[in-house]
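Since the structure comes first, as structure tokens, the remarks are kept for the end.
Residue numbers begin at 1 in each chain, while the letters A, B, ... track the order of the sequences. Below, all heavy atoms of this structure are taken into account, side chains as well, without hydrogens, waters or symmetry copies.
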There are 2 protein chains.
Amino acid sequence: MAIPRAAKTLRRTRIQEEKEEQILEAALDVFSVSGFRGSTIDQIAEVAGMSKPNLLYYFRTKEAMHRALIDRVLFNWLEPLRAFDAEGNPESEIRSYIRRKLELARDFPRESRLFANEMLQGAPHVLDMLKGPLKELVDEKAAVIRTWIKSGKIVHCDPYHLIFSIWSTTQHYADFDVQVRAVLGEEHSGDGRFEDAARFLEQLFIGGLRPDRSGA
Amino acid sequence: MAIPRAAKTLRRTRIQEEKEEQILEAALDVFSVSGFRGSTIDQIAEVAGMSKPNLLYYFRTKEAMHRALIDRVLFNWLEPLRAFDAEGNPESEIRSYIRRKLELARDFPRESRLFANEMLQGAPHVLDMLKGPLKELVDEKAAVIRTWIKSGKIVHCDPYHLIFSIWSTTQHYADFDVQVRAVLGEEHSGDGRFEDAARFLEQLFIGGLRPDRSGA
DNA sequence: TGTAATGTTTACCAATCGGTCAAATTATCC
DNA sequence: GGATAATTTGACCGATTGGTAAACATTACA
């Protein structure tokens, strides 16, 4: 007789570890493409290579699966922003922030798309996190940027929109990958495009934020 | 007895005009949030305020509805890029391109999200258009940008990634609207945020593309 | 090695899905 | 106003959906 599933987390088996991993991996595949509503348990079960009831033995509902996935992904997703350091100098901090975000887009495009899908749907599962922890983190980093502005290290600008623009430009290469590939053509669709993107974005942001030397 | 639906386009009734408009409007509401797979005909019918069979009288399948919607939206979506003019000077052209794209994001966010959903799903319905007409248009505009670079009007950079970065930064305000609002907080979630965004992005791109006067 | 806990499968359920059909209703035009 | 075309509806269909029940198989551990 199986334990009530609520108690399952008390002690985790080897098999539990493996299967849950397997399921979340498959769920990421499916959710990141079709979004929550558009994905089916059957689909995920097939990708995971197990029967639907077996999958439901580990995650009782589709919601639970999605929630577990989001929880696991979000932490890593914010890591680069957390690393944004007030002590460092603006140019290298921004440069390395762009690098990190671009690496995430390259190495974890499904995670990026999972998040993008959630946003498009109005963030029904993560709205509290956006308004709480995310906002606080961004507020904090915006304050850092403001000190850079006040000390004349970068041009006067809105720190929030600066952060938004770094997010959007870098995530674009994961979320709109198919469009990027289509426009660049077969020849420039290798991993080299990430190097090109990094070079361009660093140039754009470093150049665009350099304090104005003509005016004052 | 109703006409075979294939002949319907020969002469269009007043009612046809109205109802099809009504349906596409509702379909835009639904598809832009849930994507193709995640949306249901019943949902759209309810938003459109008509019965499902009635809706299916005008569009035989969900696919047909989606296709009609995409077709109608895509043309307008590319208009700003088409307006990108080789004769104008780079600064004002880029400035007004950003403005136009940002206005689209503000005034037609559902259209932007419809497109974003399609991209996330791998562009199953528009891949040919991306590889064909879109690529050609972008190639053409990239050539324009290259002439600006050659004549020293803007800094040397990759024109494709420049275009991508304008797309992503502007569309971000439609596609990730919920995140932008959450991070900015209630007080900055009015329409004023588009003015702030415009000011920041113009500054970023104009500054970032200004030819380097320190080097040469 | 036995047994209890854990894991898996087959069969199934009610609800919803995309879509059809024929009958009923409404608009159009002479 | 009547015939005819256009529109709308309710009832329905088979397939798929998220999820369950219970029998069956396997594992861990004493």
**Request:** Take the protein atom CD of A:Glu46 and the nucleotide atom P of D:dG18, then report the distance between them rounded to whole Å.
**Result:** 13 Å
**Prompt:** For A:Gln16 and C:dG7, is the shortest distance between a side-chain N/O and OP1 or OP2 below 4.0 Å?
**Reply:** yes
**Complete:** Per atom distances to the A:Lys62 side chain, the nearest of D:dT9, D:dG19, D:dA21 is D:dG19
**Prompt:** Picking from D:dG19, D:dT7, D:dT20, which would you name as closest to the side chain of B:Tyr58?
**Reply:** D:dT7
**Message:** Without decimals, in angstroms, what is the distance between A:Phe59 CZ and D:dT20 P?
**Reply:** 15 Å
**Asked** A:Lys52 near the nucleic acid: base, sugar-phosphate alone, or nothing, with a heavy-atom cut-off under 4.0 Å?
**Response** base
**Prompt:** Is B:Ser51 near enough to D:dT8 that one of its side-chain N or O atoms lies under 4.0 angstrom from OP1 or OP2?
**Reply:** no
**Request:** Select base, sugar-phosphate, or nothing to describe what B:Thr40 touches, counting heavy atoms under 4.0 Å on all strands.
**Result:** sugar-phosphate
**Asked** Among A:Ile41, A:Leu55, A:Leu56, A:Thr40, whose side chain to side chain contact (heavy atoms under 4.5 Å, CB included) with A:Lys62 holds?
**Response** A:Ile41
**Message:** Need to verify one output field. Residue with the more 5' nearest nucleotide on DNA chain C, A:Met50 or B:Glu63?
**Reply:** A:Met50
**Message:** A quick test of your reading: do over 12 heavy atoms of other residues, nucleotides or ligands sit less than 6.0 Å from CD of B:Glu187?
**Reply:** yes
**Complete:** Side-chain atoms of B:Ile41 come closest, of D:dT20, C:dT8, C:dG18, to C:dG18
**Item:** B:Asn54 side chain near D:dT7 phosphate (N/O to OP1/OP2, under 4.0 Å)
**Value:** no
**Request:** Answer yes or no: does atom CZ of B:Phe108 have more than 12 heavy-atom neighbours from other residues, nucleotides or ligands under 6.0 Å?
**Result:** no
**Asked** Rounding to a whole Å, what distance do you find between A:Ile44:CD1 and D:dT17:P?
**Response** 11 Å
**d(CG, A:Leu56; C1', C:dC13) in whole Å** = 14 Å
**Request:** Give a yes/no verdict on a cation-pi contact between B:Arg82 and B:Phe75, requiring under 6.0 Å between NZ or CZ and the six-membered ring centre and an angle within 45° of the axis.
**Result:** yes
**Message:** When you measure from the side-chain N and O atoms of B:Tyr57 to the phosphate of D:dT7, is any distance below 4.0 Å, counting only OP1 and OP2?
**Reply:** yes
**Message:** Below 30° counts as parallel, above 60° as perpendicular, anything between as tilted: where do the rings of A:Phe115 and B:Phe176 land?
**Reply:** tilted
